[in-house]
Amino acid sequence: AFIDIVQRRSLPFVHHSLWQDPFEGYVLQLCNKSEYHQIIIQALNELDPNKTSFRFGILQNFSHTIFGQSWTRKSESDALWRIYSNNNRAIRIEVDEDLVSRLHDVRAKPITYVTNIDLLSDLSELFVGEKIKIDRALLKKRAAFSHEEEVRLISGIDMNYLPDNRTENDKSMMKFALSKMLESGKISQEEFA
(Lines give C-alpha, C1' and ligand atoms only; values in the text may rest on other atoms or scores of the structure.)
Protein backbone atom coordinates (compact mmCIF):
# COMPACT_ATOMS: atom_id res chain seq x y z
CA ALA A 1 0.00 0.00 0.00
CA PHE A 2 2.85 2.41 0.80
CA ILE A 3 4.54 1.80 -2.55
CA ASP A 4 1.22 2.41 -4.27
CA ILE A 5 0.84 5.72 -2.40
CA VAL A 6 4.32 6.82 -3.45
CA GLN A 7 3.99 5.73 -7.08
CA ARG A 8 0.54 7.20 -7.60
CA ARG A 9 1.21 10.24 -5.41
CA SER A 10 -2.24 9.85 -3.93
CA LEU A 11 -3.91 8.55 -0.79
CA PRO A 12 -6.78 6.10 -1.26
CA PHE A 13 -10.08 6.88 0.41
CA VAL A 14 -12.04 3.80 1.45
CA HIS A 15 -15.80 3.38 1.45
CA HIS A 16 -17.12 3.20 5.00
CA SER A 17 -18.81 -0.15 4.38
CA LEU A 18 -15.33 -1.74 4.22
CA TRP A 19 -14.28 -0.61 7.70
CA GLN A 20 -13.93 -3.44 10.20
CA ASP A 21 -15.84 -1.92 13.12
CA PRO A 22 -19.56 -2.51 12.42
CA PHE A 23 -20.52 0.45 14.62
CA GLU A 24 -18.66 3.03 12.54
CA GLY A 25 -21.12 4.67 10.19
CA TYR A 26 -23.80 2.27 11.36
CA VAL A 27 -26.64 4.66 10.43
CA LEU A 28 -25.52 4.59 6.80
CA GLN A 29 -24.99 0.83 6.94
CA LEU A 30 -28.55 0.29 8.20
CA CYS A 31 -30.00 2.35 5.35
CA ASN A 32 -28.61 -0.14 2.86
CA LYS A 33 -30.08 -3.23 4.52
CA SER A 34 -33.78 -3.65 3.82
CA GLU A 35 -34.40 -5.45 7.12
CA TYR A 36 -33.51 -2.22 8.98
CA HIS A 37 -35.43 0.24 6.79
CA GLN A 38 -38.48 0.30 9.05
CA ILE A 39 -36.36 1.05 12.14
CA ILE A 40 -34.70 4.00 10.38
CA ILE A 41 -38.02 5.25 9.03
CA GLN A 42 -39.63 5.12 12.50
CA ALA A 43 -36.74 7.07 14.01
CA LEU A 44 -36.83 9.67 11.23
CA ASN A 45 -40.60 9.94 11.71
CA GLU A 46 -40.02 10.80 15.37
CA LEU A 47 -37.73 13.64 14.34
CA ASP A 48 -40.07 15.16 11.77
CA PRO A 49 -42.90 13.17 10.13
CA ASN A 50 -43.11 15.66 7.25
CA LYS A 51 -39.51 14.99 6.17
CA THR A 52 -39.24 11.24 6.77
CA SER A 53 -39.30 10.08 3.12
CA PHE A 54 -36.99 12.85 1.95
CA ARG A 55 -34.45 12.22 4.72
CA PHE A 56 -34.53 8.46 4.25
CA GLY A 57 -33.88 8.95 0.53
CA ILE A 58 -30.97 11.27 1.31
CA LEU A 59 -29.44 8.71 3.67
CA GLN A 60 -29.80 5.88 1.18
CA ASN A 61 -28.41 7.82 -1.75
CA PHE A 62 -25.56 9.66 -0.06
CA SER A 63 -24.41 6.63 1.94
CA HIS A 64 -22.89 5.32 -1.30
CA THR A 65 -20.85 8.44 -1.89
CA ILE A 66 -18.87 8.98 1.32
CA PHE A 67 -15.30 7.75 1.74
CA GLY A 68 -12.73 8.22 4.45
CA GLN A 69 -9.28 7.73 5.89
CA SER A 70 -8.22 7.37 9.49
CA TRP A 71 -5.31 9.31 10.97
CA THR A 72 -4.15 10.01 14.51
CA ARG A 73 -2.98 13.11 16.33
CA LYS A 74 -0.65 10.99 18.47
CA SER A 75 3.01 11.37 17.63
CA GLU A 76 3.80 7.86 18.85
CA SER A 77 1.77 4.96 20.21
CA ASP A 78 2.86 1.40 20.90
CA ALA A 79 -0.81 0.34 20.86
CA LEU A 80 -1.38 1.73 17.36
CA TRP A 81 1.79 0.08 16.04
CA ARG A 82 0.61 -3.26 17.40
CA ILE A 83 -3.01 -2.98 16.28
CA TYR A 84 -2.50 -1.64 12.76
CA SER A 85 0.75 -3.24 11.67
CA ASN A 86 0.82 -6.31 9.47
CA ASN A 87 3.12 -9.00 10.94
CA ASN A 88 4.87 -6.25 12.93
CA ARG A 89 5.58 -4.32 9.73
CA ALA A 90 4.30 -0.81 9.28
CA ILE A 91 5.24 2.61 7.98
CA ARG A 92 4.26 5.82 9.65
CA ILE A 93 3.16 8.65 7.37
CA GLU A 94 2.88 12.20 8.61
CA VAL A 95 0.89 14.90 6.82
CA ASP A 96 0.61 18.62 7.23
CA GLU A 97 -2.93 19.62 8.19
CA ASP A 98 -2.62 22.86 6.21
CA LEU A 99 -1.92 20.87 3.04
CA VAL A 100 -4.86 18.58 3.74
CA SER A 101 -7.14 21.60 4.18
CA ARG A 102 -6.28 22.66 0.60
CA LEU A 103 -7.57 19.43 -0.93
CA HIS A 104 -10.81 19.71 -2.87
CA ASP A 105 -13.79 18.11 -1.10
CA VAL A 106 -11.75 16.71 1.81
CA ARG A 107 -12.58 17.60 5.38
CA ALA A 108 -10.45 16.71 8.43
CA LYS A 109 -12.67 16.08 11.44
CA PRO A 110 -11.85 14.71 14.89
CA ILE A 111 -13.64 11.58 16.03
CA THR A 112 -16.05 11.79 18.96
CA TYR A 113 -15.89 8.79 21.27
CA VAL A 114 -19.16 7.62 22.80
CA THR A 115 -20.11 5.04 25.40
CA ASN A 116 -23.46 4.15 23.89
CA ILE A 117 -25.16 4.42 20.53
CA ASP A 118 -28.52 6.14 20.19
CA LEU A 119 -30.08 5.98 16.73
CA LEU A 120 -32.49 8.89 17.27
CA SER A 121 -29.76 11.16 18.61
CA ASP A 122 -27.36 10.18 15.83
CA LEU A 123 -29.98 10.84 13.15
CA SER A 124 -30.81 14.24 14.66
CA GLU A 125 -27.14 15.23 14.29
CA LEU A 126 -27.29 14.51 10.57
CA PHE A 127 -30.28 16.79 9.92
CA VAL A 128 -29.85 20.14 11.63
CA GLY A 129 -32.69 22.44 10.59
CA GLU A 130 -32.48 22.61 6.80
CA LYS A 131 -28.82 21.53 6.74
CA ILE A 132 -27.77 18.00 5.88
CA LYS A 133 -24.55 16.85 7.52
CA ILE A 134 -24.23 13.24 6.39
CA ASP A 135 -20.49 13.05 7.07
CA ARG A 136 -21.25 13.27 10.80
CA ALA A 137 -22.38 9.64 10.56
CA LEU A 138 -18.71 8.71 10.18
CA LEU A 139 -17.35 10.80 13.03
CA LYS A 140 -18.25 8.63 16.04
CA LYS A 141 -16.55 5.60 17.49
CA ARG A 142 -16.94 3.55 20.61
CA ALA A 143 -15.08 4.89 23.66
CA ALA A 144 -12.92 1.75 23.70
CA PHE A 145 -11.01 3.28 20.77
CA SER A 146 -10.38 6.69 22.39
CA HIS A 147 -6.66 5.88 22.78
CA GLU A 148 -6.38 6.35 19.00
CA GLU A 149 -7.09 10.12 19.13
CA GLU A 150 -8.36 9.72 15.61
CA VAL A 151 -8.92 12.35 12.99
CA ARG A 152 -10.90 11.27 9.99
CA LEU A 153 -10.48 12.62 6.50
CA ILE A 154 -13.86 12.52 4.81
CA SER A 155 -14.35 12.91 1.10
CA GLY A 156 -16.70 12.31 -1.55
CA ILE A 157 -20.04 13.39 -2.65
CA ASP A 158 -19.88 12.03 -6.15
CA MET A 159 -22.30 14.28 -7.97
CA ASN A 160 -22.59 11.76 -10.79
CA TYR A 161 -23.90 9.02 -8.52
CA LEU A 162 -27.28 8.34 -10.02
CA PRO A 163 -27.00 4.76 -11.26
CA ASP A 164 -29.57 3.30 -13.61
CA ASN A 165 -30.82 0.82 -11.02
CA ARG A 166 -32.22 3.66 -8.88
CA THR A 167 -35.92 4.38 -9.07
CA GLU A 168 -37.17 7.63 -10.55
CA ASN A 169 -38.23 8.66 -7.03
CA ASP A 170 -34.66 8.09 -5.76
CA LYS A 171 -33.24 10.13 -8.62
CA SER A 172 -35.78 12.89 -7.99
CA MET A 173 -34.90 13.05 -4.28
CA MET A 174 -31.19 13.14 -5.08
CA LYS A 175 -31.64 15.98 -7.57
CA PHE A 176 -33.76 17.86 -5.00
CA ALA A 177 -31.05 17.40 -2.35
CA LEU A 178 -28.37 18.55 -4.77
CA SER A 179 -30.41 21.63 -5.67
CA LYS A 180 -30.63 22.50 -1.95
CA MET A 181 -26.85 22.11 -1.69
CA LEU A 182 -26.45 24.40 -4.70
CA GLU A 183 -28.75 27.02 -3.14
CA SER A 184 -26.81 26.93 0.14
CA GLY A 185 -23.47 27.26 -1.65
CA LYS A 186 -22.18 23.83 -0.64
CA ILE A 187 -21.64 22.87 -4.27
CA SER A 188 -20.97 24.86 -7.40
CA GLN A 189 -23.09 25.08 -10.53
CA GLU A 190 -20.50 22.91 -12.32
CA GLU A 191 -20.77 20.20 -9.62
CA PHE A 192 -24.56 20.37 -9.77
CA ALA A 193 -24.63 19.91 -13.55
Point-to-point distance, once rounded to the nearest 0.5 Å, from [atom1] of [X] to [atom2] of [Y]:
X: L139; Y: D122; atom1: CG; atom2: CG; value: 11.0 Å
X: S10; Y: D4; atom1: OG; atom2: CG; value: 6.5 Å
X: S121; Y: L126; atom1: OG; atom2: CG; value: 9.5 Å
X: S70; Y: L153; atom1: OG; atom2: CG; value: 8.5 Å
X: I111; Y: R142; atom1: CD1; atom2: CZ; value: 13.0 Å
X: D96; Y: S101; atom1: CG; atom2: OG; value: 8.0 Å

Testing the 3.5 Å rule here: is there a donor-acceptor pair between the side chains of E148 and T72?
no

Note: with side-chain heavy atoms under 4.5 Å as the link, the other cluster members for V128 come out as none

Other than Y84, which residues form its hydrophobic cluster under the rule that side-chain heavy atoms must be closer than 4.5 Å?
L80, I83

With sequence neighbours left out, write down each residue that passes salt bridge (charged side-chain N to carboxylate O under 4.0 Å, His left out) with [X], or none if nothing qualifies.
X: E35; result: none
X: E24; result: K141, R152
X: K109; result: none
X: D98; result: none

Test side-chain hydrogen bond (donor to acceptor under 3.5 Å, both in side chains) applied to [X] - qualifying residues, sequence neighbours left out:
X: Q20; result: none
X: R9; result: none
X: R89; result: none

Would you sort out whether V106 and I154 count as a side chain to side chain contact (heavy atoms under 4.5 Å, CB included), showing the intermediate values?
CA-CA 6 Å; V106 174; I154 304 288; over 6 Å; no

List the atom pairs, donor and acceptor, that lie under 3.5 Å between side-chain atoms in residues 38-45 and the rest of the protein, sequence neighbours left out.
residue	atom	partner	partner atom	Å
N45	OD1	T52	OG1	3.2

Applying the side-chain contact (heavy atoms from CB on, under 4.5 Å) criterion to S63, which one of N32, L138, L30 satisfies it?
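It is N32, the one option of N32, L138, L30 that forms the side-chain contact (heavy atoms from CB on, under 4.5 Å) with S63.
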
Could you go through the side chain to side chain contact (heavy atoms under 4.5 Å, CB included) check for D118 and N116 one step at a time?
CA-CA 7 Å; D118 178 354; N116 56 344; 5.8 Å; no

May I have the step-by-step check of side chain to side chain contact (heavy atoms under 4.5 Å, CB included) for E46 and L120, ending in yes or no?
CA-CA 8 Å; E46 285 185 47; L120 193 59; 3.4 Å; yes

Assess whether atom CZ of R73 is packed by more than 12 heavy atoms of other residues, nucleotides or ligands within 6.0 Å.
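12 or below, so no.
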
ring-ring contact (aromatic ring centres under 6.0 Å, His included) contacts touching residues 105-154 (sequence neighbours left out):
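Residue pairs passing ring-ring contact (aromatic ring centres under 6.0 Å, His included), neighbours aside: none found.
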
Scan residues 10-49 for pairs that pass ring-ring contact (aromatic ring centres under 6.0 Å, His included), counting only residues two or more places apart or in two chains.
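Output for this query lists H15-F67, H37-F56.
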
